[in-house]
**Q** 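Mind looking over this structure? Questions follow.
Ligands are counted one by one from 1 in listed order, and the atoms in each one are counted from 1 as well.
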Amino acid sequence: MSKKQILIIHTGGTISMKVDQQSGTVKPADTNPLLSVDQPLDESAVIASVEPFHLPSPSITPKEMLELKILIDQTLQKQHFDGVVITHGTDTLEETAYFLDMALETETPVIVTGAMRSSDQIGTDGLSNLMSAVRTAGCSEARGKGVLVVLNDEIHAADNVTKTHTSSLSTFQSPQYGPIGIVTKRNVHFHQQPIRRQKIPVTSVNKRVALIKAYAGMDSHLLLLLKDLPYDGVVIEALGQGNLPPAVVPAIKELIHQNIPIVLVSRCFNGIVQDVYGYEGGGKHLKELGVIFSNGLNGQKARIKLLMALASNFAPEQIKKVFEQ
Ligand code: ASP
């Protein structure tokens, strides 16, 4: 059997960090320890590695996400790879994975992985996550499933997965839906096929989208500031099924009047927002005012999607459609 050709793109994160003995903090190592791993990651794979940047993931912005998309497109055009693995810090990993899921057209598996413990901590998960990611990337069943996130031997779809725990190795979960597959000692098993794949052919990320969380007693002040700031859209993590305190309604009306799209998600991490409640600030009222309801994405991913749609110059109706699909 011929060996699988796998491209690993290193971007930084804890997976490539070390503990600084003096301060006791976890920091980027001078050189990425993953680049000098001397044991084979997968006997049946030939690995090529590149490191376009070496950043903690709070420093990753949509600019780096677009850079990754371009790098993957250009590399796959020039050379055959059976799969691509991206190593990434876990804090914003889900945003990069979701961006790439919508931006990339390729059927080649693209797997994003990371680690919760640095390379020199006891019980480090970096190498085992990387191995599982490489094996998933080389698995023909992973083709056409979109960008996948592999950590802790679970395979998650980019649109559902989220970081749920600050430090646990099993931090990545897909609330409500669960993982779409698992990696075992011998095999890579898929038990679900993502059916809701969307594409936004983004070529720039030159838009600003705010993400604001609703709370009991919220008023209009903060949201109203947005109309005088260089923001092109806003995502609100609303209450429950998609409701806001009545004191927020004046700001909603004003932003919509200023043609600033408002996308609503729920601050609950299960379920979808709907226009169920008919009171002042209830979902039905907000929908009538022109608020766009998203279909189950969390706030940070809805923000990425709105940014991509705005940067691709989608008309208001198109923006509504990509969120409601
Ligand atoms: N703070 C780190 C980062 O996202 C966390 C990690 O990689 O696990 O870069």
**Q** Check contact between Gly12 and ligand 1, using heavy atoms of the residue and a distance below 4.0 angstrom.
**A** no
**Q** Could you grab the distance from atom CG of Asp125 to atom OG of Ser170, nearest 0.5 Å is fine?
**A** 10.5 Å
**Q** What's the shortest heavy-atom distance between Asn32 and Ser16, and which atoms?
**A** OD1-CB, 3.1 Å
**Q** I'd like to check whether Pro58 has a polar contact with ligand 1, where a contact means an N/O of the residue lying under 3.5 Å from an N/O of the ligand.
**A** no
**Q** Salt-bridged, Glu67 to Lys63, with N to O below 4.0 Å?
**A** yes
**Q** Salt bridge check: are Lys163 and Asp91 linked by an N-O gap of less than 4.0 Å?
**A** yes
**Q** For ligand 1, which is the ligand I care about here, please tell me if His88 has any N or O atom under 3.5 Å from one of the ligand's N or O atoms.
**A** no
**Q** Using a 4.0 Å cutoff against the non-hydrogen atoms of Thr14, which atoms of ligand 1 qualify?
**A** 2 (C), 5 (C), 6 (C), 7 (O), 8 (O)
**Q** Under a 4.0 Å N-O cut-off, is there an ion pair linking Lys213 with Glu237?
**A** yes
**Q** Can you list the atoms of ligand 1 that are under 4.0 Å from a heavy atom of Gly13?
**A** 7 (O), 9 (O)
**Q** Counting only nitrogen or oxygen atoms and a 3.5 angstrom limit, does Thr90 reach ligand 1?
**A** yes
**Q** Counting only heavy atoms from other residues, nucleotides and ligands, does the tally under 6.0 Å from NZ of Lys199 exceed 12?
**A** yes
**Q** If you have a sec, work out which protein heavy atom is nearest atom 4 (O) of ligand 1 and how many Å separate them, to one decimal?
**A** Ser57 OG, 2.5 Å
